[in-house]
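For reference, the structure discussed in these notes is given below.
Both counts, for ligands and for their atoms, begin at 1 and track the order of listing.
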Amino acid sequence: EAISFQKTDEKYRDLIPTLPKEKGWMVEHLLQYNGYWFSPSTSALKGAIFLQHHFKPRPTDVLLATSPKTGTTWLKALIFATMNRANFELSNHPLLTTGPHGLVPFFDFIFQDDDSISSHRALPSPRLFATHFPYSLLPEIVTTSSSGCRFVYICRNPKDVLVSKWLFMSKSRPKELPNLSLEEAFELFCRGVSHFGPYWDHVLGYWKASLESPNKVLFLKYEDMKNDPVVHVRRLAEFIGKPFSAEEERNGAVEEIIRLCSFENLSNLEVNKGGMQKFSPEIAVDKSNFFRKGQVGDWKNYLTEEMAKRIDQISDEKLLGSGLRF
Ligand code: A3P
């Protein structure tokens, strides 16, 4: 390595006390690094810094990038199933016995310990990783067009993201901490203070990259995927260089993958109903928390009209001139 792990660790430790702090959603506080908010207890910030110096991309790498609660679990399943469809029978598919998070690791945490470092290096190509990191924080050797790495990004209406996130965080919040009210979460979210937020900046970073390099970044929307999954899974397959053949189309391969990865199917599998998903030595989440309703527009059951208006206003301001609409 050009710089040793020990040096990177020292750099990280020196940095922490210098970072701006704000109230956290799940743990006590969030730290701001290069414009984005990180939860120190998840070690993702450590991961972001280690990746800068130690990650070696391969031209065949596929990276699923998301802001939390926008459809990460679903897309992990869909990309995994699409990418590996030649290797598995649907009746005996790994998704039936291992959850999407068990099959597609977050590369945000691969530099936590020696085991994860060597296991990601030993993965056969093509590798599939997920990340919550904003585009601007990824190492240049990954984002540069010559790396060959491809990104699939999914965004979701911020009102549904806020509600999904608040409910998820409330379930995962340690009992010792007082509840975080929806009003408080709303204020934090609007000010951009949320994991890997500001949400709008996260989305815009990948949106712009997708406009500049459409062959490198595929930009998807949760709502479009729900509305017409067939069209989007086809696009996804083409984008990762594995288009469905005419025969596969005739045999209903696209529909089969969609059914396998549907909310109804995945959320009812034993493997996704119980137990904990461990992401790093510090973070483990109840697997069932990744499946709630999986619907578009559930925010209407939680947000007041005023809250909705304010979020829409922020979206209008932030997305102005970008060509993107939620
Ligand atoms: P809701 O809380 O609105 O139900 P992430 O995977 O990024 O953490 O996002 C979680 C959200 O995606 C939750 O939204 C969850 O219910 C939904 N979800 C999980 N699996 C899904 C699937 N197979 N299809 C559609 N939505 C899914």
Notebook entry, point to check: So, are Lys226 and Glu223 salt-bridged, with charged N and O less than 4.0 Å apart?
Noted result: no
Checklist line | Minimal non-hydrogen separation, Arg259 against Asn265, with atom names | finding: O-CB, 3.3 Å
Notebook entry, point to check: Quick one: which of Phe168, Phe291, Phe263, Tyr222 has a heavy atom closest to atom 26 (N) of ligand 1?
Noted result: Tyr222
Note to self: Checking side-chain polar atoms at under 3.5 Å, does Ser194 have a donor or acceptor matched by the opposite partner on Trp25?
What the structure shows: no
Notebook entry, point to check: When hydrophobic residues are tied together by side-chain contacts of less than 4.5 Å, even through go-betweens, does Met276 share a cluster with Leu103?
Noted result: no
Next item on the list: Give the residue and atom name of whichever protein heavy atom lies nearest to atom 13 (C) of ligand 1, and the separation in Å to one decimal.
Entry: Ser164 OG, 3.7 Å
Check: What protein heavy atom is closest to atom 6 (O) of ligand 1, reported as residue, atom name and distance in Å?
Finding: Thr73 OG1, 2.5 Å
Item checked: Salt bridge flag under 4.0 Å for residues Asp298 and Arg292 -> yes
Note to self: Using a 4.0 Å cut-off to any heavy atom of Gly294, which atoms of ligand 1 qualify?
What the structure shows: 1 (P), 4 (O), 16 (O), 26 (N)
Note to self: Nearest 0.5 angstrom please: Leu220 CG to Met225 CE, how far?
What the structure shows: 5.5 Å
Next item on the list: Using a strict 4.0 Å cut-off to heavy atoms of Cys261, name the atoms of ligand 1 that fall inside it.
Entry: 23 (N)
Checklist line | Lys226 N/O under 3.5 Å from ligand 1 N/O | finding: no
Notebook entry, point to check: So which bit of Ser267 gets within less than 4.0 Å of ligand 1, heavy atoms only: side chain, backbone, both or neither?
Noted result: neither
Check: Strictly by modelled atom types, are His53 and Lys7 linked by a side-chain donor-acceptor pair under 3.5 Å?
Finding: no
Check: Taking the minimum heavy-atom distance to atom 16 (O) of ligand 1, which of Arg292, His101, Lys69, Met225 ranks first?
Finding: Arg292
Notebook entry, point to check: Ser67 and His132: side-chain donor and acceptor closer than 3.5 Å?
Noted result: no
Next item on the list: Can you pull out the closest protein heavy atom to atom 22 (C) of ligand 1? Residue, atom name and distance to 0.1 Å, please.
Entry: Trp74 CG, 3.4 Å
Margin query: So if I count the atoms of ligand 1 from 1 in the order they appear, which ones are less than 4.0 Å from some heavy atom of Ser262?
Written below: 23 (N)
Check: Can you find an N or O of Asp160 that's nearer than 3.5 Å to an N or O of ligand 1?
Finding: no
Note to self: What protein heavy atom lies closest to atom 7 (O) of ligand 1? Include the residue and the distance to one decimal.
What the structure shows: Thr72 OG1, 2.5 Å
Next item on the list: Return yes if a side-chain donor-acceptor contact under 3.5 Å exists between His202 and Tyr153, otherwise no.
Entry: yes
Margin query: Side chain, backbone, both or neither: which applies to Arg156 and ligand 1 if a contact is any heavy-atom pair less than 4.0 Å apart?
Written below: side chain
Note to self: Considering both backbone and side-chain atoms of Pro68, is one of its nitrogen or oxygen atoms within less than 3.5 Å of a nitrogen or oxygen in ligand 1?
What the structure shows: no
Check: Is a side-chain donor-acceptor pair under 3.5 Å present for His29 with Lys23?
Finding: no
Notebook entry, point to check: Does any donor atom in the side chain of Lys216 or Ser147 lie under 3.5 Å from an acceptor atom in the other side chain?
Noted result: yes
Margin query: I'd like to check which ligand 1 atoms, numbered from 1 as shown, lie under 4.0 Å from a non-hydrogen atom of Phe290.
Written below: 8 (O), 15 (C), 16 (O), 19 (C)
Notebook entry, point to check: Any idea which atoms of ligand 1 are less than 4.0 Å away from a heavy-atom of Thr70?
Noted result: 7 (O), 9 (O)
Item checked: Numbered atoms and elements of ligand 1 in range of Lys293, under 4.0 angstrom, heavy atoms -> 4 (O), 16 (O)
